[in-house]
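Every chain is numbered from 1 and lettered A, B, ... according to where its sequence line falls, protein lines coming before strand lines.
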Amino acid sequence: MDKHPNPAEQEHTRGRERARYRPQEIEPKWQRFWLEHKTFRAQVDHTKPKYYILDMFPYPSAAGLHVGHPEGYTATDILARYKRMRGFNVLHPMGWDAFGLPAEQYAIETGTHPRITTARNIETFRRQIRSLGFSYDWDREISTCDPEYYRWTQWIFLKLYERGLAYLADVPVNWCPALGTVLANEEVIDGKSERGGYEVIRKPMRQWMLRITAYAERLLAGLDQLDWPENVKEMQRNWIGRSEGARIRFRLCHPDGTPLPEEDAFFDVFTTRPDTLFGATYCVLAPEHPLVDRITTPEQRAAVEAYRQEAMRKSDLARTELAREKTGVNTGGYALNPATGRAIPVWVADYVLLTYGTGAIMAVPGGDQRDWEFARRFGLPIIEVVQGGDMDKGAYVGDGPHVNSGFLDGLNVEDAKNRMIAWLEEHGYGERTVTYKLRDWLFSRQRYWGEPFPIIYVDGRPKPLRPEDLPVVLPEVESFKPTGTGEPPLAAVTSWVETVDPETGKPARRETNTMPQWAGSCWYYLRFIDPHNHERPWDADKERYWMPVDLYVGGVEHAVLHLLYARFWHQVLYDCGLVSTPEPFQKLVNQGMILGFSYRYYEDQQGRRYSYREVQKVSQDGLEEPRYVLAADPAVVLAVRYVPVDQVQWRDEVPYHPEDPQLELEPQTDKMSKSRGNVVNPDAVVAEYGADALRCYEMFMGPLEQVKPWNTRSVAGVYRFLSRVWSLFITDTGDLCPQIVADDPDPQASLTRLYHKTIKKVTEDIEGMRFHTALSALMVLLNEMQKAERIPRTIAEGFVLALSPFAPHLGEELWQRLGHSDTLAYEPWPTYDPALARDTVVTIPVQINGKLRATIAVAADADEATLLTAARANEKVQSYLQGRTVRREIVIPGRLVNFVVAEEGGGR
RNA sequence: GCCGGGAUGGCGGAAUUGGCAGACGCAGUGGACUCAAAAUCCACCGCCCCUCAAGGGCGUGCGAGUUCGAGUCUCGCUCCCGGCACCA
């Protein structure tokens, strides 16, 4: 029933509410103010130190912003606002990684142009991001799908091409016959298409490749200079995968050891263990190795051919998945072990990959577990070359003296390697070499929604367009559907594909592949420096001023690909003289994922529901997904089901199913996802608690880098904090609180001391990105200010300034109500007096035998003697020292007193 | 299997160099205000024993060690999270 309050009551309520903390009113007000006044516009200013602070720009998905996004954005925003107040010239931009598969997939399903979908999604993202009060310079907003942007992506591709770093090659791609299209790696899950679950096979296609391997050594070496998380650097090192070893040449021979006469009758192997060459009892070629045909004997040809066909059809993933049991076929051919001079058989096996090393190995079953397994399976000889293991149990990979190894006998591994390499080089059998796991970057996608290549084919040969011919703009297409032949959608636009060479006027065909999504994000941080330049991708002076990015914050999922690709492009641009720093991102921080509570139960095939208490988890060997069965009857296999968070029924703090009040749900913290029903929408949080509360909560949750679960109830706690800040300054009637007085702070007052301590801590914590402890320090100060009868204005204002990077709307509002007419964004950061940030009287613990027994209050600078006297004077201490011998006194001024006493007599 | 990170109350987390474990917040309990509720404010809040109180014992995943003193350092385990995984 509706309640109709009488007008007086209504008036009363409204009057009181107006004076309350109402983020819904003050937040849009200040967002408008910042936008209208361009408060955060950044311009080159050589009188100020610069600070470039960058967020990994988002892909504007249809789902909109997620609470994970504002975590990193808030951290950078706090730092950006803090740095401005510290006198830095701050560049803090935001933009959109706007090419991408979901928009294209949506176009295939609905016919809506990806440009329209993307524009709509950007609209949403921009609104959501603005509603959080981030201090971006919106004049620098860019979008990778804008022709004015991708024109320069194409321009950089031309630079790569000029330097021979872009080339065409026939490489196997993920071809899905059922869908009639090529899939990106991320669209292939367990060898099946992500959509539909159809089979995916490898099919060679002509593709653009980028020669990132040419930069492998520099990409590796550059890591040492960077202030990045160690795990990210390690992941990049592993990805690059440098290994030192030798290339060794094996000549083909007859079974009796006579070498074949032809000059080119050989293959090279790569090994990290040249010292084990005497133990190489056979060789293995990758199934795709070009020499396989030639070496295979007529008797073996059918078997080898069948094996090759099968291996080639399998995807890399399928090949590794089935790899439990080694497979292979003898070619019937032989090669000469250069060390022993004996003929050893040559096999084909798919445990050797064509793409690594030379695509061929010498197999040392005594020193390599894979070779050992293979030798066991096929009855090949196993020779011990390094002592220390048991050849019946497995290969020995450790160090030890060499045996059965001719001139290496007795040497340890390190010495034997060097000795063998010297011997190989001396006799022309091989040389020292370095190999990388890193492979060249497959840069073509058979897709519509990406950057077209600035390449045309004249007389069937690729030719780069000239810079003045750019941009090559994406044409309109009839259909976004794949052509069915593996040709990209652009191939169907005849009027676009058939063109003329602008230089010669000869007929030409356009490249119809597009670039991958990584392309646009490889250099966006450079475009932010000079986003509206029509002549150049960026101005050289501006680049020198702003680069490098001082702090880059984003998710750890980009630890390898994006960050490696961007570094690669940057190093190329550096070699071109186009950028002034060898590395783009000086400091990197990964924010931890925010998890959501989800509530699970289980269902059998008949749709009967079960609580987790009746269910048993069966983890299957080697498989990611565990299975769930009924504990009472393990034959009943159960499926996991979730109840969306907002439908969970709570009784006595226990969650139950909404339609089945007896069914107890199992609370879990999981990655947020639609299917688990545990996604938290930032819009809803802003509507209820405001952006400042959302920002503060995200920071207060814990260390930035850490994974942590979202707890909406805790948001209310932070909201209460902000409300209390508000009511400390503003009375019920909307005036400034009378407790805030013009007095000078009394240096002896505990509030003054606490204030200085707080400013010190907040300053240090922001610098160290410990935002959660900075907020807790501000909370402590607020608690004390609330108890104070008089709050000196300088303290009140300093508090507002120190809080403002965290809660900028509230900060601005209070600043204004304190009588200031301009934004606080450029007010000097509050300072602290180190002398006042220390206590004069401290509480010192007194221990007896290391156990805390009393505390004493003494002057902070009390010396050892004073401390000891005070401690001995303490009544409790005396009772413990009564009748015992003090063996030792440990006194640390400012820290503690510890008496080491002998135990009382009586048998001990 | 290999590499990296971690384990602290009911929960998120805090703790300078080895020096008062549990700051701050959430949840909870009791109280004030209220016709009542919400909101707000005040107090309590690791576990156990004793209890009128005072007190005492235990306690930072497990087991050892170093030290006057260990969440922190060393050694050995267990479990969890992330990455890589036939890379020769």
Could I get the full list of salt bridge (Lys or Arg N to Asp or Glu O under 4.0 Å) partners for A:D399, not counting sequence neighbours?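 Not a single residue meets the salt bridge (Lys or Arg N to Asp or Glu O under 4.0 Å) criterion with A:D399.
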
Between [X] and [Y], does the ring centroid distance fall short of 6.0 Å?
X	Y	result
A:Y436	A:Y356	no
A:F899	A:Y880	no
A:Y755	A:F799	no

Do the rings of A:H562 and A:H558 sit parallel, tilted or perpendicular, given the 30° and 60° boundaries?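 If you compare the ring of A:H562 with that of A:H558, the planes turn out perpendicular.
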
Please work out whether the ring planes of A:F267 and A:F250 are parallel, tilted or perpendicular, with thresholds of 30° and 60°.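 It falls in the parallel class, under 30°.
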
Pairwise [atom1] distance for [N] and [M], with rounding to whole Å:
N	M	atom1	answer
B:A23	B:U78	P	34 Å
B:C11	B:C2	P	32 Å
B:C81	B:U8	P	14 Å
B:C3	B:G57	P	44 Å
B:C44	B:C58	P	26 Å
B:G5	B:U17	C1'	24 Å

Nucleotide nearest [X] (side chain, heavy atoms from C-beta), chosen from [options]:
X	options	value
A:F270	B:A88, B:C68, B:C24	B:A88
A:S243	B:G25, B:A88, B:C86	B:A88
A:N231	B:C86, B:G4, B:G25	B:G4
A:M235	B:C24, B:G83, B:C86	B:G83
A:S714	B:C24, B:C26, B:A88	B:C26

Roughly how many Å is it from [atom1] in [X] to [atom2] in [N], rounded to a whole number?
X	N	atom1	atom2	answer
A:L881	B:C68	CG	P	18 Å
A:R20	B:C41	CZ	C1'	13 Å
A:Q369	B:G1	CD	C1'	10 Å
A:K437	B:C2	NZ	P	15 Å
A:D732	B:C41	CG	C1'	13 Å
A:L754	B:C24	CG	C1'	13 Å
A:E234	B:C3	CD	P	10 Å
A:F721	B:C41	CZ	C1'	18 Å

N/O-N/O pairs, protein side and nucleotides 27-34 of chain B side, under 3.5 Å:
residue	atom	partner	partner atom	Å
B:A27	OP2	A:R720	NH2	3.3

Provide the full list of salt bridge (Lys or Arg N to Asp or Glu O under 4.0 Å) pairs with a residue in residues 697-714 of chain A, sequence neighbours left out, each pair given once.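 As it turns out, the salt bridge (Lys or Arg N to Asp or Glu O under 4.0 Å) pairs with a partner in residues 697-714 of chain A, which skip direct neighbours, are A:E71-A:K708.
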
Please collect all salt bridge (Lys or Arg N to Asp or Glu O under 4.0 Å) contacts where either partner lies in residues 240-249 of chain A, sequence neighbours excluded, each pair once.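 Counting only pairs at least two positions apart or across chains, the salt bridge (Lys or Arg N to Asp or Glu O under 4.0 Å) contacts touching residues 240-249 of chain A are A:E217-A:R242, A:R242-A:E244, A:R247-A:E431, A:R249-A:D268.
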
Can you list the stems that include RNA chain B, where a stem is three or more consecutive Watson-Crick or G-U pairs with distances under 3.5 Å?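 Stem list for RNA chain B: B:1-7 with B:78-84, B:10-12 with B:24-26, B:28-32 with B:40-44, B:46-49 with B:55-58, B:61-65 with B:73-77.
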
Polar atom pairs between nucleotides 54-57 of chain B and protein, under 3.5 Å, N or O only, would you list them?
residue	atom	partner	partner atom	Å
B:G56	OP1	A:Y880	OH	2.6
B:G57	OP2	A:R853	NH1	3.4

Report the glycosidic orientation of B:G18: syn if within 90° of 0, anti in every other case.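 Anti, since the glycosidic angle lies more than 90° from 0.
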
Among residues at least two apart in sequence or on other chains, which ones pass side-chain contact (heavy atoms from CB on, under 4.5 Å) with [X]?
X	value
A:E664	A:S611, A:Y612, A:R613, A:V654, A:Y656
A:V397	none
A:D861	A:A859

Could you tell me if the side chain of A:F806 sits less than 4.5 Å from the side chain of A:C696, heavy atoms only?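 The answer is yes; the side chains approach within 4.5 Å.
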
Applying ring pair (Phe, Tyr, Trp, His ring centres under 6.0 Å), can you list everything that pairs with A:F771, at least two apart in sequence or on another chain?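 With sequence neighbours excluded, A:F771 shows a ring pair (Phe, Tyr, Trp, His ring centres under 6.0 Å) to no residue whatsoever.
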
What residues form a ring pair (Phe, Tyr, Trp, His ring centres under 6.0 Å) with A:Y697, not counting sequence neighbours?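 A:Y697 satisfies ring pair (Phe, Tyr, Trp, His ring centres under 6.0 Å) with A:W710 once adjacent residues are dropped.
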
Could you encode protein contacts along nucleotides 11-20 of chain B as a string, one character per nucleotide from 5' to 3', using B for base contact, S for sugar-phosphate-only contact and - for no contact, with a heavy-atom cut-off of under 4.0 Å? -BSS----BB

Would you say the side chains of A:R888 and A:N898 form a donor-acceptor pair under 3.5 Å?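 Judged by distance alone, the side chains do not pair up.
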
